Amino acid sequence: MAWEPNRLEQQRLDKLDRLIEAGIDPFPTTVERTHTTAEAIAAFAAVEGNDDADPINVTVCGRLVSSRDMGKTVFAHIEDGFGRIQLFVRRADIGEESHLILRKLIDLGDFIQATGSLMRTRTGEISIHVSAWKLLAKAVTPLPQAKEQEIDGEIVRYSAFADIEERYRQRYADLAVNRDVRDVFITRAKLLQSLRRYFDAHGFLEVETPVLQPIYGGAAARPFTTYHNQLKQDLYLRISFELYLKRLLVGGIERVYEIGRDFRNEGVSFKHNPEFTQLEFYAAYWNYEDVMNFVENMIRTTARDVLGTMKFTYGDNTIDIGQPWPRITMRDAIKQFAEIDYMEHTDADSLRAALRAEGIDAPDKAAWGQLVDAVFSSHVEPRLIQPTIVYDYPRDISPLAKRKPGDGFHVERFEYFIAGMEMGNSFTELNDPIDQQARFELMQELYASDADEAHPIDDDYLRAMRYGMPPNGGFGTGIDRLAMLFTNQQSIRDVLLFPHLRDRDM
RNA sequence: GCCGUCGUAGCUCAGCCGGAAGAGCAGCGGUCUUUUAAACCGCAGGGUGAAGGUUCGAUUCCUUCCGACGGCACCA
């Protein structure tokens, strides 16, 4: 769709013409900058009060975010990636023509460069007493308005760019005017840095495995499909990294992790986006208890790194990840919250009847483990606000986990929950190729009725395992959900720069 | 896919039981000692997400469609 300038844009296009007529390049190629806004303020604060100090001259760059035209004097703020600083611009200092151009042809949103000496105004704000300025880039479209003021460290908003849909569709504008949105993504980046440091410190090798896969696996999800033209090959966007990472254990890499994108062709919700960032790791010679300890420590370490605390607010709750995380079996958790002991009903029909007797929804064509999972999801998961580890899952919904010794129903698997959300999934990994093959075949039967849910058997993965796979513990966690937790955002879209939305005309 | 709520100016919103589309901020023109949500005076700006329907008359009621949000379903 072709762009038609609106009234405000047309005004700015006219100003652009007038700037060019005045011999000013509205998009120059060279920029000078001696200080960021933060550096300038710090430099002034460091010598203030010292009467012998020479005036500090600085050149800063940034976007014009406020302007108060007093006639002979203009007060304005520019913002760069590090903060804001006020410009104090007097006609007498910069000359009549330059002053007039600033007042008449420069708009909020324009990028400018300003040179001058640092001072403190009568009202006490550290400012630049401007001796010269230059346009760096003209903004044709006005930014959505976000009037705000910092009072005692709190951002007070007088008007805002708040329309959720427009904020997501025009994230550039959202970021430009909403500082707290930028902060969310800074925190998210710190989270990733901290996790990588943690894995590096524990001897893990970071790897990258294929996103385009001939056979998808490692999770129960519908894939996106694509096609390689020259190879004439159907390909799938990965739904997990699991089977590739475990191949690497066969290859002798003892500790391995990957942080990357998974794709699942499923519904979207406040905690689901079609593409999302996953962290998986595998460690040889560990079992799920080793993983529990490692993960608990990992989350604490990153919280300390990123937030400086292990106690933080999420929605209406205060989450304390510093206390030892309770560990409870799936069976006990369901007993506690749904008052059903599923081990008294060890086949699907009997469990279904028992659940229905308690008034709990139980789908007709669900296998035993799926029924257990269903009651857990509806009755237990939402109640797990503080960090909780739930372990020993039904075997028939965990085809990649090793069975619990002496227990025909459970595998060594755990998930951990915070704020009522599943945050991560782990097991003592199945490394018996004969058992693995049987489990794959069982899963095929389980889902045989539903073509969409059919899972292909990855024969190459089985071949790898037949070469011998060390016993190992594995883990996967959604980075987006961790980011939600650490930034107190209630929707996954708010921790994704460009969340998926339907197409729409601009 | 289903159910519900919502969509009015650049931004944030108001608009009652159908009766001539409003405000603040932003913008434009002015005034103006170091102001800070600057202030003050004046001006302009939309035809109400789209398409239909009912009506003398629709932003208000109805239908369909588009999009967002919430919930459900889906999500080893």
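Bear in mind that the values here come from a model prediction, so they are computed numbers and not experimental data. A, B, ... follow the sequence lines: proteins, then strands. Residue 1 opens every chain.
Comparing the P positions of B:C3 and B:C65 gives an interatomic distance of 10 Å, to the nearest angstrom. Taking atom C1' in both B:G47 and B:C2, the straight-line distance is 35 Å, to the nearest Å. Remark: the separation of the P atoms in B:G15 and B:C56 is 28 Å, to the nearest Å. Comparing the P positions of B:G22 and B:U5 gives a spacing of 29 Å, expressed to the nearest Å. Only the C1' atoms considered, B:A26 is 15 Å distant from B:G46, to the nearest whole Å. B:U35 sits 15 Å from B:C40 when the C1' atoms are compared, rounded to a whole Å. Atom C1' of B:U55 sits at a distance of 16 Å from the matching atom of B:U63, rounded to the whole Å. Comparing the P positions of B:A37 and B:U31 gives a spacing of 24 Å, expressed to the nearest Å.
As judged by a 4.0 angstrom heavy-atom cut-off over every strand, A:Arg103 is placed among the base-contacting residues. In this structure, A:Tyr393 reaches neither bases nor backbone, as no heavy-atom distance under 4.0 Å exists between it and the strands shown. Residue-level contact check: A:Gly218 touches the bases, meaning some heavy atom is under 4.0 Å from a base atom. Nucleic acid contact for A:Glu166: none, since no nucleic acid atom lies under 4.0 Å from a heavy atom of the residue. Using a 4.0 Å heavy-atom criterion, one finds that A:Leu143 contacts no nucleic acid atom at all. The residue A:Ala162 sits close only to the backbone: its heavy atoms come under 4.0 Å of sugar-phosphate atoms, none of a base.
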What does the list of N/O pairs under 3.5 Å between the protein and nucleotides 24-26 of chain B look like, with a distance for each?
from, atom 1, to, atom 2, distance (Å)
B:C25, O3', A:Lys147, NZ, 3.1
B:C25, O2', A:Gln145, OE1, 3.2
B:C25, O2', A:Gln145, NE2, 2.1
B:C25, O2, A:Gln145, OE1, 2.8
B:A26, OP1, A:Lys147, NZ, 3.2

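In this structure, A:Asp316 has no side-chain contact (heavy atoms from CB on, under 4.5 Å) partners at least two apart in sequence or on a different chain. Judged as a salt bridge (Lys or Arg N to Asp or Glu O under 4.0 Å), and not counting sequence neighbours, the contacts of A:Glu242 are A:Lys246. Contacts of A:Leu501 classified as side-chain contact (heavy atoms from CB on, under 4.5 Å), with partners at least two apart in sequence or in another chain: A:Tyr168, A:Arg169. A:Ser98 meets the side-chain contact (heavy atoms from CB on, under 4.5 Å) test with A:Ile94, A:Trp133; sequence neighbours excluded. Scored by the salt bridge (Lys or Arg N to Asp or Glu O under 4.0 Å) test, A:Arg352 finds A:Asp349 as partners (sequence neighbours excluded). Under the salt bridge (Lys or Arg N to Asp or Glu O under 4.0 Å) criterion, A:Glu289 pairs with no residue at all, not counting sequence neighbours. Residues passing the salt bridge (Lys or Arg N to Asp or Glu O under 4.0 Å) test with A:Glu415, sequence neighbours excluded: A:Arg413.
The side chain of A:Phe161 lies closest to B:U12, out of B:G70, B:C28, B:U12. You'll find that the side chain of A:Thr121 is closest to B:U34, out of B:C28, B:C11, B:U34. Comparing B:G70, B:U12, B:U35 by their closest approach to the side chain of A:Phe270 singles out B:G70. Of the candidate nucleotides B:C28, B:C74, B:C69, B:C28 has the atom nearest to the side chain of A:Gln11. Here the nucleotide nearest the side chain of A:Lys15, chosen from B:C28, B:A76, B:A38, is B:C28. Candidate nucleotides B:A76, B:C11, B:G67 were compared by shortest atom distance to the side chain of A:Ile397, and B:A76 ranks first. Side-chain atoms of A:His272 lie closest to B:C75 of the nucleotides B:C75, B:A76, B:C69. Comparing atom distances between the A:Asp69 side chain and each of B:C32, B:C69, B:A76 picks out B:C32 as nearest. With B:A76, B:U33, B:C28 as the candidates, the nucleotide lying closest to the side chain of A:Lys72 is B:U33. Proximity note for A:Pro144 (side chain, C-beta onward) versus B:C11, B:G27, B:C69: the nearest is B:C11.
Using a 4.0 Å cutoff on non-hydrogen atoms, no part of residues 420-434 of chain A comes near RNA chain B.
With hydrogens and angles ignored, no donor-acceptor pair closer than 3.5 Å exists between the side chain of A:Glu125 and the base of B:U35.
Residue pairs meeting the salt bridge (charged side-chain N to carboxylate O under 4.0 Å, His left out) criterion with at least one member in residues 105-125 of chain A, sequence neighbours excluded, are A:Arg12-A:Asp107, A:Lys15-A:Asp107, A:Glu48-A:Arg120, A:Asp107-A:Lys138, A:Asp110-A:Lys138. Sorted by first then second residue, the salt bridge (charged side-chain N to carboxylate O under 4.0 Å, His left out) pairs that include residues 57-69 of chain A, not counting sequence neighbours, are A:Asp69-A:Arg103.
For B:C56, the base is anti relative to its sugar; the glycosidic angle deviates from 0 by more than 90°. Taking 90° from 0 as the syn/anti boundary, the base of B:G47 is oriented syn.
Inspection of the A:Thr36 and A:Asp80 side chains reveals no N or O donor paired with an N or O acceptor under 3.5 Å. For the 3.5 Å distance criterion, the side chains of A:Tyr391 and A:Asp332 fail to qualify, holding no donor opposite an acceptor. Side chain to side chain, A:Arg238 and A:Thr209 meet the donor-acceptor criterion of an N or O pair below 3.5 Å. If you check the side chains of A:Gln10 and A:Asp14, you find a donor sitting under 3.5 Å from an acceptor.
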Check your understanding: Given pairs defined as Watson-Crick or G-U wobble with both distances under 3.5 Å, what dot-bracket annotation applies to RNA chain B, with ( ) intrastrand, [ ] crossing, | other strand and . unpaired?
Key -> (((((((..((((.....[..)))).(((((.......))))).....(((((..]....))))))))))))....
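The shortest distance between the side-chain N/O atoms of A:Lys104 and the OP1/OP2 oxygens of B:G30 is below 4.0 Å. For the pair A:Thr73 and B:U34, the criterion of a side-chain N or O lying under 4.0 Å from OP1 or OP2 is met. OP1 or OP2 of B:A68 sits under 4.0 Å from a side-chain N or O of A:Arg169. Residue A:Arg68 places no side-chain N or O under 4.0 Å from the OP1 or OP2 atom of B:U34.
For A:Lys402 and A:Asp435, the salt-bridge test fails: no basic side-chain N is under 4.0 Å from an acidic carboxylate O.
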